[in-house]
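Worksheet for the structure shown next.
Each chain gets a letter, A, B and so on, in the order the sequences are listed, and its residues count up from 1.
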Number of protein chains: 2
Amino acid sequence: MRESDIPAIRSLELFREMADESFAELVRGAYVQNFPPNMDLILEGDQCDFLHIVIDGTVELFANWSDRETAMTILRGGATFILAAAIRDAPNLMSARTLERSRIIMLPAEDVRLVFEKDHAFARAVVMELAYCYRGVIKGVKGLKLRTSIERLANYLLKSQKKFGGASEFSLPVEKRRLASILGMTPENLSRSIKSLRPYGVEIAGQVVKITKPDDLKTLAKPTSLIDDPRS
Amino acid sequence: MRESDIPAIRSLELFREMADESFAELVRGAYVQNFPPNMDLILEGDQCDFLHIVIDGTVELFANWSDRETAMTILRGGATFILAAAIRDAPNLMSARTLERSRIIMLPAEDVRLVFEKDHAFARAVVMELAYCYRGVIKGVKGLKLRTSIERLANYLLKSQKKFGGASEFSLPVEKRRLASILGMTPENLSRSIKSLRPYGVEIAGQVVKITKPDDLKTLAKPTSLIDDPRS
DNA sequence: CGTCCTTTTGAACATTGTCAAACACTGTGG
DNA sequence: CCACAGTGTTTGACAATGTTCAAAAGGACG
């Protein structure tokens, strides 16, 4: 790995508070690598040898069963993946692939477990991160089980809008067919759901989203911090 | 709390390895309480003051949104709940109620965070437990998104059978309408799904399940350790 | 310019949910 | 012990939601 990567890594929440010595130990065995788009990184069921962290780019976590596939989540800079598997030394429950050209850190899972034992600050950061991920998945399940697909889409749009600073026009950060899978529907169904949001001031042309009646959309979406707030 | 509770608590995985001193500190502020059935324990959105652990009985975690409700999971002896919220000092994402008369430990969340800082063995146990819960939820999402309701039911039955030592006849440990909610369907739909499993050797009368053609059922259910194995 | 992939559209179909009513089970109080 | 209320379960008819398949339209890229 390059020397120049180190400051960026160190400034990630997971590593920010830990002792220099422990950080050095972690970094010693680490790889940093660039991957092209659409590259498989890990395979569901494989043993988990490395904790992965996205520095730059986009990674999709997905899962398969019986010839079906579903997108579980999409990760961008700063996100960790397969932390739980690395900690428990258990097989991965999800596969991962890059969607764009991506830069990724790989920390040997064994080093992670070792440093976890020694360094309190790191242990705390790991627990915080894991609890954060857990809560993220719980929110996802609540959305899936309590909302219709149109409601999920409406809330997704409002959340995206917030991420883009509340602008009334922004660009979808994901392909529609992946978005459909994330939201738990087929691409065809997403296409129709988008149309059915038109009376609520949603216009989507290509990747460009325009929300002209945010209050109407919110009335339909009924967002709540207990499902839709990524922090909290 | 009673002195007589202490050995049972100590033997839980979460506390087994920790120092006597730390354990004493945790137990000092703890409550142990019996609750009648159908008692609300915590409410979604509330601040999380106590880590809860089920000693005996049954607890349902559930969530609400917009006049709808869904069962998230059902917990029995030994299970912790709202660990993630306690660790992060964040609002609960789920509500909890007893289903049967239940005995429950409540540890002040602040004590948990304090002892986590001091005691390595406890910190490790917390991370392990959290990673375990995380993986459990991920498996749940995979089931929801990759399987039809009949497939979920089939796998649920096979899992239950395994829990009962593989007996061809056993008794449902949950009310059907709750099971329906756990599996992500309506009670009516569960009732019909049960019928549609009859050709696969499933007979359910009241709470009594009989599985006469396990191989046929498995062919339909296609269970996999990456979704259906509670450990791993 | 053509090829490949995504997106959209339409029509048929399958699955799941809703509503209303009947039925079964449980526990209570007469 | 029985009648009864209350709750959970099942059934039927129907509506809503979501999927599948096929085909056309639109974009990206060599």
Side-chain angles (χ1 to χ4, degrees), chain A residues 36-38 58 60 62 65-71 74 97 99-101 143-154 156-157 171-199 202-209 220, chain B residues 36-38 58 60 62 65-71 74 97-101 143-154 156-157 171-198 202-209 220:
Chain A
N38 205 28
T58 313
E60 174 185 35
F62 62 100
W65 180 79
S66 179
D67 287 324
R68 293 168 218 168
E69 173 173 326
T70 190
I74 286 176
R97 69 165 74 96
L99 295 185
E100 309 169 334
R101 192 180 136 76
L144 275 175
K145 293 182 76 176
L146 291 167
R147 289 175 169 161
T148 65
S149 54
I150 292 180
E151 289 165 342
R152 292 198 294 278
L153 172 60
Y156 173 85
L157 291 174
S171 160
L172 281 180
V174 221
E175 257 178 322
K176 282 181 187 161
R177 90 193 154 94
R178 273 176 231 285
L179 177 56
S181 186
I182 291 274
L183 295 176
M185 51 180 144
T186 57
E188 294 94 326
N189 193 5
L190 173 61
S191 193
R192 291 175 179 121
S193 297
I194 287 173
K195 277 201 165 170
S196 72
L197 285 182
R198 208 145 46 186
V202 174
E203 286 159 40
I204 304 187
Q207 298 290 104
V208 181
V209 181
L220 171 73
Chain B
N38 205 27
T58 313
E60 175 186 35
F62 62 100
W65 181 78
S66 179
D67 288 325
R68 296 169 216 167
E69 174 173 323
T70 190
I74 287 178
R97 69 165 75 96
T98 57
L99 296 184
E100 310 169 333
R101 191 180 135 77
L144 276 174
K145 293 183 75 177
L146 291 168
R147 288 174 170 162
T148 65
S149 54
I150 292 181
E151 289 165 342
R152 292 199 294 278
L153 172 61
Y156 174 85
L157 292 174
S171 160
L172 281 180
V174 221
E175 259 178 320
K176 283 183 189 159
R177 88 193 157 94
R178 273 178 230 285
L179 176 56
S181 185
I182 291 274
L183 295 177
M185 50 180 143
T186 58
E188 294 94 327
N189 192 5
L190 173 59
S191 194
R192 291 176 179 121
S193 297
I194 288 173
K195 278 201 164 170
S196 72
L197 285 182
R198 209 145 47 186
V202 174
E203 287 159 39
I204 303 186
Q207 299 288 105
V208 181
V209 181
L220 171 73

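Where Arg178(B) and Lys195(B) meet DNA chain D, the nucleotide closest to each residue was compared, and Arg178(B) sits on the side nearer the 5' end.
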Derivation of the side chain to side chain contact (heavy atoms under 4.5 Å, CB included) call for Thr58(B) and Thr98(B)
CA-CA 6 Å; Thr58(B) 313; Thr98(B) 57; over 6 Å; no
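To the nearest angstrom, P of dT7(C) lies 9 Å from CG of Leu179(A). A straight line from CD of Gln207(A) to P of dT6(C) spans 12 Å, rounded to a whole angstrom. Separating the CZ atom of Arg192(A) from the C1' atom of dC13(C) is a distance of 12 Å, rounded to the nearest angstrom. Distance, Arg147(A) CZ to dT16(C) P: 22 Å, rounded to whole Å. The nearest whole Å value for the distance from the CG atom in Leu99(A) to the P atom in dT6(C) is 12 Å. Put simply, CZ on Arg177(B) is 17 Å from C1' on dC23(C), counting in whole angstrom units. The distance from atom CG of Asn38(A) to atom P of dC5(C) is 11 Å, rounded to the nearest whole Å. In this structure, Asn189(A) places its CG atom 14 Å from C1' of dC13(C), rounding to the nearest Å.
Glu175(B) comes within 4.0 angstrom of sugar-phosphate atoms only, judged by non-hydrogen atoms across all strands, and of no base.
Ser191(A) contributes no side-chain N or O that, together with a main-chain N or O of Pro187(A), makes up a donor-acceptor pair within less than 3.5 Å.
Comparing dT16(C), dT9(C), dT7(C) by their closest approach to the side chain of Thr148(B) singles out dT16(C). The side chain of Glu188(B) sits closest to dC19(C) out of dC19(C), dT8(C), dA11(C).
Taking the 5' to 3' direction, DNA chain D first and last meets chain B under 4.0 angstrom from a heavy atom at dG8(D) to dA13(D).
A salt bridge is absent between Arg178(A) and Glu69(A); no separation between the charged side-chain nitrogens and carboxylate oxygens falls under 4.0 Å. For the pair Arg68(A) and Glu151(B), the salt-bridge criterion is met [side-chain N within less than 4.0 Å of a carboxylate O].
For dT16(C), the OP1/OP2 oxygens have a side-chain nitrogen or oxygen of Ser149(B) closer than 4.0 Å.
With rounding to the nearest 0.5 Å, the separation of CD1 in Ile204(B) from NZ in Lys195(B) is 12.5 Å.
Summarising the local packing, CZ of Arg198(B) is surrounded by 12 or fewer heavy atoms from other residues, nucleotides or ligands at distances under 6.0 Å.
Side-chain atoms of Gln207(A) and Ser171(A) include no donor-acceptor pair closer than 3.5 Å.
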